[in-house]
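Everything on this sheet refers to the single structure shown next.
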Protein chains: 2
Amino acid sequence: MIRVLLADDENLIRSALRALLSLEDGIEVVAEAATADEALAMARSFRPDVAVLDLQLPDRDGIALAADLHEQVPGCRTMIVTSHGRPGYLKRALAGGVGGFLPKTVSASVLAQVVRTVHAGGRYVDPELAADAISAGDSPLTARESDVLELAAEGAPVEEIARRAALTPGTVRNYLSSAASKLGAANRHEAVHVARRHGWI
Amino acid sequence: MIRVLLADDENLIRSALRALLSLEDGIEVVAEAATADEALAMARSFRPDVAVLDLQLPDRDGIALAADLHEQVPGCRTMIVTSHGRPGYLKRALAGGVGGFLPKTVSASVLAQVVRTVHAGGRYVDPELAADAISAGDSPLTARESDVLELAAEGAPVEEIARRAALTPGTVRNYLSSAASKLGAANRHEAVHVARRHGWI
DNA sequence: CCGGGGTGGTGACATTCGTCATCGACCGGC
DNA sequence: GCCGGTCGATGACGAATGTCACCACCCCGG
């Protein structure tokens with residue numbers, strides 16, 4: 001019997017997934033959590049075999065949670081289910097030792113199959129997401145460029161970004177400018193959109 | 001027996017909801033659709049009592065779909081389930097005759113109860129969303145301001161917005177300026193964020 | 001019929017932003 | 001030890017943007 005932990009902030013989805021997985025032979029949902037912290041606590045006490053995580057949790061993202069789980073609950077394999085299959089996330093997830101990465105558009109039988117695959121130590125990535133990730137490639141941005149672009153995401157003026165990044169306004173504009181040109185955007189706001197679409201910020 | 005149509009682009013969620021609702025007495029899922037067009041066609045042939053719609057469908061949003069359903073499939077009541085409970089959407093939905101509006105964070109039992117309430121001709125709105133909507137109030141933007149702000153959402157320069165809106169760049173700047181000041185934003189990009197958060201665009 | 005509000009426009013002005021050249025410091029690899 | 005890349009900064013220039021004042025038109029309600 002594969003013991004599964006579910007982590008998703010949406011109650012409805014969570015209980016729905018539970019209902020789905022319970023219909024499968026050899027799979028048992030032993031715990032549910034709505035936040036990453038809750039999931040971590042649950043995992044420590046219930047010791048599940050596989051953790052099925054949503055990518056976006058209220059307190060932090062599923063990738064960070066997976067890393068914590070691997071560290072604190074050895075023997076618990078992880079897989080991520082998400083609505084927004086940005087290529088960058090997939091790379092980060094795989095680099096973090098996540099065993100499966102699926103969009104929520106897959107069918108229930110695929111989900112159950114992937115739970116089994118991951119439990120057996122295998123890996124599974126949705127073919128379409130994989131294709132996106134390969135064609136999208138790595139982020140061309142440097143670490144600082146990503147930081148600054150992220151701070152620009154809310155539409156704040158350069159001066160505020162500078163304060164929040166502890167940089168000179170001039171430097172901020174340089175980074176934004178180079179980021180925008182790397183992303184083929186006309187300005188930083190379009191650059192934010194491009195980077196978001198690729199999962200680079 | 002309440003006959004239900006499910007419309008959600010995410011296969012997993014859809015079949016999970018089906019599994020959930022099927023556990024309830026007196027509720028039967030008679031059709032599933034992944035797009036608005038598909039849902040419309042399904043509804044015409046299956047004549048469901050209640051349509052449970054996702055807010056975001058690939059071809060158009062759940063509110064527009066609900067309007068089409070009311071027109072083309074009389075006797076079919078509608079309710080919307082969503083991950084993103086922006087206040088503006090709720091208002092638009094209720095104005096469009098939608099009977100129920102829920103976030104996906106509700107429990108399965110609430111969902112089933114709301115299906116029954118809506119089927120009986122009643123209305124149900126998640127209390128928290130209702131509170132948000134009331135406190136958020138109406139959009140302070142005029143029709144044109146909203147249009148222009150929406151075109152600005154992708155970070156396009158003023159000139160492109162002007163072309164796409166068939167306006168002079170100067171006029172566009174006037175609208176954006178007044179929209180930003182109404183929203184308490186320092187620039188149009190921040191204004192876009194504020195408007196998005198409230199569901200006004 | 002008059003006023004107010006929304007729409008669409010013009011012109012001017014100051015500010016912000018994008019771009020570029022250039023500089024120094026630091027770190028890694030060859 | 002030198003070279004290249006990233007980080008951080010400065011200054012300068014032109015273009016884009018935000019802001020304001022003001023105009024005209026239309027429509028609707030009082």
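Labels below follow one simple rule: chain letters A, B, ... track the order of the sequence lines, proteins then strands, and each chain is numbered from 1.
- For CD of B:Glu128, the number of neighbouring non-hydrogen atoms (other residues, nucleotides, ligands) closer than 6.0 Å is 12 at most.
- Distance from the side chain of B:Tyr175 is smallest for C:dT7 among the nucleotides D:dT17, C:dC17, C:dT7.
- Look at CD on B:Glu145: it is 15 Å from C1' on D:dG18, rounded to the nearest Å.
- Closest to the side chain of B:Thr171, out of D:dG8, D:dT6, C:dG9, is C:dG9.
- In terms of heavy-atom proximity, B:Leu111 sits nearest to B:Met79 at CD1-CE, 3.9 Å.
- A side chain to side chain contact (heavy atoms under 4.5 Å, CB included) with B:Met42 is found for one member of B:Leu6, B:Leu5, B:Asp37, B:Val30 and no other, namely B:Leu5.
- Out of C:dT10, D:dA9, D:dC7, the shortest distance to the side chain of B:Asn174 is found at C:dT10.
- The CG-P distance, from A:Leu167 to D:dT6, rounds to 16 Å in whole Å.
- Residue A:Ser177 has its side chain nearest to C:dT19 when only C:dT10, D:dT10, C:dT19 are considered.
- The residue B:Ala180 sits apart from the nucleic acid: no heavy atom pair falls under 4.0 Å.
- Backbone-only contact: A:Pro157 has heavy atoms under 4.0 Å from sugar-phosphate atoms and none from a base.
- In terms of phosphate contacts, A:Ser181 brings no side-chain nitrogen or oxygen within less than 4.0 Å of OP1 or OP2 of C:dG18.
- Taking only side-chain atoms of B:Arg173, from C-beta outward, the nucleotide of D:dT19, C:dC17, D:dG8 with the closest atom is D:dT19.
- For A:Arg144 and C:dA25, the CZ to P distance is 20 Å, given to the nearest whole Å.
- Within 4.0 Å of B:Leu176, counting heavy atoms only, lies no atom of the nucleic acid at all.
- The NZ-P distance, from A:Lys182 to D:dG5, rounds to 11 Å in whole Å.
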Run the side-chain contact (heavy atoms from CB on, under 4.5 Å) check on A:Glu32 and A:Arg18 step by step: do they pass? CA-CA 9 Å; A:Glu32 292 181 15; A:Arg18 163 174 234 141; 2.5 Å; yes
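- Nearest to the side-chain atoms of A:Asn187 among the listed nucleotides D:dG18, C:dC17, C:dG18 stands C:dG18.
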Run the numbers on A:Lys104 and A:Asp54 for salt bridge (Lys or Arg N to Asp or Glu O under 4.0 Å), then give the verdict. CA-CA 10 Å; A:Lys104 282 183 181 168; A:Asp54 193 296; 2.9 Å; yes
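- The CG atom of A:Leu141 sits 17 Å away from the P atom of D:dG5 (whole-angstrom rounding).
- Distance A:Glu159 CD to C:dT15 P: 12 Å, rounded to the nearest Å.
- Residue B:His189 contributes atom NE2, which lies 19 Å from atom P of C:dT15 at whole-angstrom precision.
- Spacing between atom CZ of B:Arg188 and atom P of D:dT19 amounts to 11 Å, rounded to whole angstrom units.
- At C:dG9, one or more side-chain N or O atoms of B:Thr168 fall inside 4.0 Å of OP1 or OP2 (strictly under the cut-off).
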